[in-house]
**Q** 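Got a structure here, written out as structure tokens. Questions coming.
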Amino acid sequence: MKFLNKIIFFYYREYKLNLSGFQDILTNIIFFFVSILIFIFSIGPDKEVISLIGVGMIWTLLLLSSTLSLRKFYQDDYENGNLLIIHLNGFSFGFIAILKTFSHFLFVQVPFLLSIPIACILLNIANDKLFYLFASFSIGSLILSCLGSISSSMNLMNQRNFLLGSVIVMIFSVPVIIFSVGIINMEESFNSLINILFGILLIVFAINPWASGLCLKLSLENN
Amino acid sequence: MKFLNKIIFFYYREYKLNLSGFQDILTNIIFFFVSILIFIFSIGPDKEVISLIGVGMIWTLLLLSSTLSLRKFYQDDYENGNLLIIHLNGFSFGFIAILKTFSHFLFVQVPFLLSIPIACILLNIANDKLFYLFASFSIGSLILSCLGSISSSMNLMNQRNFLLGSVIVMIFSVPVIIFSVGIINMEESFNSLINILFGILLIVFAINPWASGLCLKLSLENN
Amino acid sequence: MKFLVNPSKFNEMADYLFRPLLILSIILFAIGLLFSFYFSPDDYQQGSTVRIMYVHVPSAWLALLTYAIMTIYSILALAFRIPFGFIFNTAVAPIGAVFTLICIVSGSLWGKPMWGTWWVWDARLTSVAILFIIYLIIIFMNLSFENRIVREKVVAIFILVGSVNLPIVKFSVDWWNTLHQPATISKLSTPSIDPSMMTPLIIMTFAFIMIGVAIAILRIKTEIISRKSHLS
Amino acid sequence: MIIVKDLSVERLDKKIFENINLSLASGCISILKGKNGSGKTTLLKTILNIIEPSAGSIYWKGKLIKKNLYDFYNNITYIADKTTSLNRLTVKDNINIWKKIFLSNISVSQIEKALKTLKLQDYLNQKVSTLSLGETKKLEFLRLIIENKKLWILDEPLSSLDEDSMELMKQTFEDHCSKEGSVIFSSHHNPGIYVTEEINL
Amino acid sequence: MIIVKDLSVERLDKKIFENINLSLASGCISILKGKNGSGKTTLLKTILNIIEPSAGSIYWKGKLIKKNLYDFYNNITYIADKTTSLNRLTVKDNINIWKKIFLSNISVSQIEKALKTLKLQDYLNQKVSTLSLGETKKLEFLRLIIENKKLWILDEPLSSLDEDSMELMKQTFEDHCSKEGSVIFSSHHNPGIYVTEEINL
Ligand code: HEM
Ligand SMILES: Nc1ncnc2c1ncn2[C@@H]1O[C@H](COP(=O)(O)OP(=O)(O)OP(=O)(O)O)[C@@H](O)[C@H]1O
Ligand SMILES: Nc1ncnc2c1ncn2[C@@H]1O[C@H](COP(=O)(O)OP(=O)(O)OP(=O)(O)O)[C@@H](O)[C@H]1O
Ligand SMILES: [Mg+2]
Ligand SMILES: [Mg+2]
């Protein structure tokens, strides 16, 4: 019970912090829609082409904007010492990593998830594809959050080259993208592809607390 | 002479802060190419489609990279007190804004600018479009830097209404981008369109030192 | 074979080998160039552009080979705790990157006359591009991570994970139908290539290997020295 | 409660300190003194198991601290040499977050009393980033009361405080000790706090 | 050099201080004392023309400071209560950046000497984020020597310094004054520096 309370209040804190950075979330969403507009304008109003690349576009934009927010992942809490205080309050590093990953999912990816239906309308994506998009997107974005957690905790030890972390995340997410886009375009093999995606999710899920936790520990040691 | 030296050394400082060496510029460029890669993976390798959306892709990435680095624009220098020290060293706030805007252009946008030719090869964009892309891109990215400067200096005040303000300023960049993308596809009216873009640049150029300078002054006063 | 895993043994061996290797590689290179430009025939289809092959194919093979060896050393370093593996990886990654770059550039130069474009997004070319980026990431990680012990392990793990890409590069031509040439030379059965082209190709391949090994020896030595000075 | 035996710490192959011994019983106050860069902060962080010692061992309630880590963490409050309150939020928000995350069962009136003695009651709705240096420092001390733990580990708690607050801290420390709590803190000068042990680094 | 007349400052409609008078001639040291939150930092920032006063005026060399701002800025060094060195860079890089941006014509050997007296010579290649609190503070003081200005405006320069460094600062202040420079600094306690004026807020 005590433990559960701690978790709940961890999210209360994240919520307070993220809400005060509300404009970051808003900027993300605006960025998302602006990019869609740019595409439509650069392609011209050809409906066929737009609906052809729509899914791919949504996916890339998701990936790009979740790397956009990677910087905030641990950096602030690390620099102002809150990471240490939270750890001393009885959260192990691995556990902090899990909580933070979910928090990233909640405050960065979910707003995207919610804006997908609108994007689908803009991009002429057929309604029946929406479900596939949603399913692959929710799993995929969790994978991205985990990858982001690992890379940005690694980045704490490498404060010089921030983009490197993003590049690593992006390289690792290539297979994720391939499978997710495949899911939507090959509806008949939906089940097997989503299982693969699930498999990837489980793997990064298992690695994440271990890898991020280690990186957090080491970076605090050297601060 | 003394003044010129100060400016030069301001950029020396920015360089040290932004890049720990040549590798960071390279990382920027790699990031660009990996993003293209991701696009290709999610959209599919169809040559026609790729060359069609190539321009849109490059522009989205530009927008992304400039929003990605917006947080760093003034925030770091503001929080660690360097903004104040630099001001006390004889740089007026407006002048700091101008210098910082160019620094953003130099260290964030120019690496992209340089990788455009290679991107054009990879994306099968016709050679004769390269010039238009370059021209609209250089002007457009300067406009984005100016708008970014204004919005992130507003962000420093960290008050609700200003947060909204910064988002609104970013929204201004939407017509600019859409317009620039349009230029490339309408080659016959290139001259008149690029003049309009120039006009917008001049306007934001004139507003930027004044607006950002004011915001910087006010935010330092309230710190 | 101890010199393959032991820094001081490696140093001894390197002192023996370096000079002959360098001389040998220069000679081989000269002969190879001579062969490929004067003593080999034009292709009846491709004309003299076929000569690009003598750079393209060896560099492509070596790009793959270098990565494969790095993978083996990563396993050695991580599983068997042989620190020489870390040294090797740090030193050799740039060499592999250069080979990959040569492969890509020569390939695009070849591609323009053959396919009409510099670049297409088929499976072979894309996977090679990814290989190149992986090499670059390895190099940059080595440059920018501060904590050496962590960095080495992270890089080694990254190399291991990235090795998934190797079979994709190799077999992409068989798995997907691509524009790129399927294996003609490196087929396990009889190669379907004329001996007059085969000879310069083999000589060039050995020249590339020799140069690669020579530079690798130099870089590994400096890496060993820099680590020693760091510890003392 | 805490016993430190022959502790040595190295950083980047440079010895920071060697063979430090320390023992802190409940009801005691220890002060850590030393020049700048002598390793006070390092020692405190080593006790907290954040930094790995190169030699020596630390015991908590008779057991090795590593074996007993979460019990140890459940009994301490650590205040670092930099402030950790969230700059962008108000004082009130910060207090609320602390109260919740530490699962503190302290009553509102107690907090109000503490705020009053710290003279922070007027700043509840002010952003932490606009507080004065001493005020952020004092806000940080509120954690001592909110967390309500036995062992206080404080890194330079007295710097940039005025005399009144210094007196207040002195009182707080002594109160805490009389309630079987213990304090270990680092400081460059001792403003008359009665300490049971003085460790010189 | 500086004369402050009847200065009052309000923030968010709250009076911070009222009718402060101060005059600082060259060769003098002024100390600013007061409780936490009494407005020491605010006063210094008002003098620096960062904060608008609600009443009163400040004169520099006989002219209103606003009229004469850049001459004023050319003659001062301000050290804030928080450190401003760049955390991610090494000590050496920081020094280089300062040297260049302040167009300092100070020689390398002078800087080396200063580093030695501050006992920072061993940390040249260490990143600022890994320095100890006192070391970052001392690094900040290097700006006094690099900038080489007449008027020093220092906000709590003595907190978190050890006794040796404190003594060093004392000496540095006195040296500076004997060379017609002047110093105004805020502090909670005066470790025996001879001051010509004491302002109590
Ligand atoms: C940028 C474009 C190109 C890249 C990245 C590339 C990459 C590669 C790679 C990695 C290999 C080694 C594969 C293996 O070991 O099995 C290879 C082999 C080869 N490539 Fe390319 N290539 C490119 C363009 C071309 C072009 C345009 C041609 C000719 C039309 C060509 C002809 C060949 C041939 C004949 C081989 C030898 C195949 C064998 O192993 O028998 N390549 N290329
Ligand atoms: N991550 C690190 N890597 C290398 N050296 C470090 C690191 N962190 C601290 N040091 C060095 O260790 C020494 C001790 O630092 P510490 O912060 O413990 O000093 P301190 O006694 O707290 O000093 P102060 O009184 O200034 O706070 C310093 O010289 C510092 O430069
Ligand atoms: N931007 C602001 N808005 C409102 N009030 C502020 C602002 N900045 C400071 N204050 C208040 O003004 C008062 C004076 O602050 P100041 O920083 O000048 O105090 P100080 O004398 O330097 O204290 P210390 O000794 O703690 O450094 C404080 O009570 C602070 O809360
Ligand atoms: Mg300390
Ligand atoms: Mg103050």
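Throughout, a chain's letter reflects where its sequence line sits, starting with A, and its residues are numbered from 1.
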**Q** Search all heavy atoms of D/H189 against all heavy atoms of E/E163 and return the closest pair with its distance.
**A** CB-OE2, 4.3 Å

**Q** Side chain, backbone, both or neither: which part of D/L158 has an atom under 4.5 Å from a heavy atom of chain E?
**A** neither

**Q** Any donor and acceptor pair, going by atom type alone, linking the side chain of D/N36 with main-chain N or O of E/S160 inside 3.5 Å?
**A** yes

**Q** Select, from D/T41, D/D122, D/D81, D/L131, the one with the greatest count of heavy-atom pairs under 4.5 Å involving chain E.
**A** D/D81

**Q** Less than 4.5 Å to any heavy atom of chain D: does that hold for the side chain of E/K137, its backbone, both, or neither?
**A** neither

**Q** At a 4.5 Å cut-off on heavy atoms, which part of D/K33 comes close to chain E: side chain, backbone, both, or neither?
**A** neither

**Q** Around atom OH of E/Y194, are there more than 12 heavy atoms from other residues, nucleotides or ligands closer than 6.0 Å?
**A** no

**Q** Atom NZ in D/K119, atom NZ in E/K35: separation rounded to 0.5 Å?
**A** 5.0 Å

**Q** Using non-hydrogen atoms and a 4.5 Å limit, figure out which bit of D/D164 sits close to chain E: side chain, backbone, both or neither.
**A** side chain

**Q** What is the minimum heavy-atom distance between D/S132 and E/G37, and which atoms define it?
**A** OG-N, 3.5 Å

**Q** With a 4.5 angstrom heavy-atom cut-off, which part of E/L161 approaches chain D: side chain, backbone, both or neither?
**A** both

**Q** Checking heavy atoms, do the side chain of D/K40, its backbone, both or neither come under 4.5 Å from chain E?
**A** neither

**Q** Find out whether E/K14 and D/Q126 are in side-chain contact, i.e. whether some heavy atom of one side chain is under 4.5 Å from a heavy atom of the other.
**A** yes

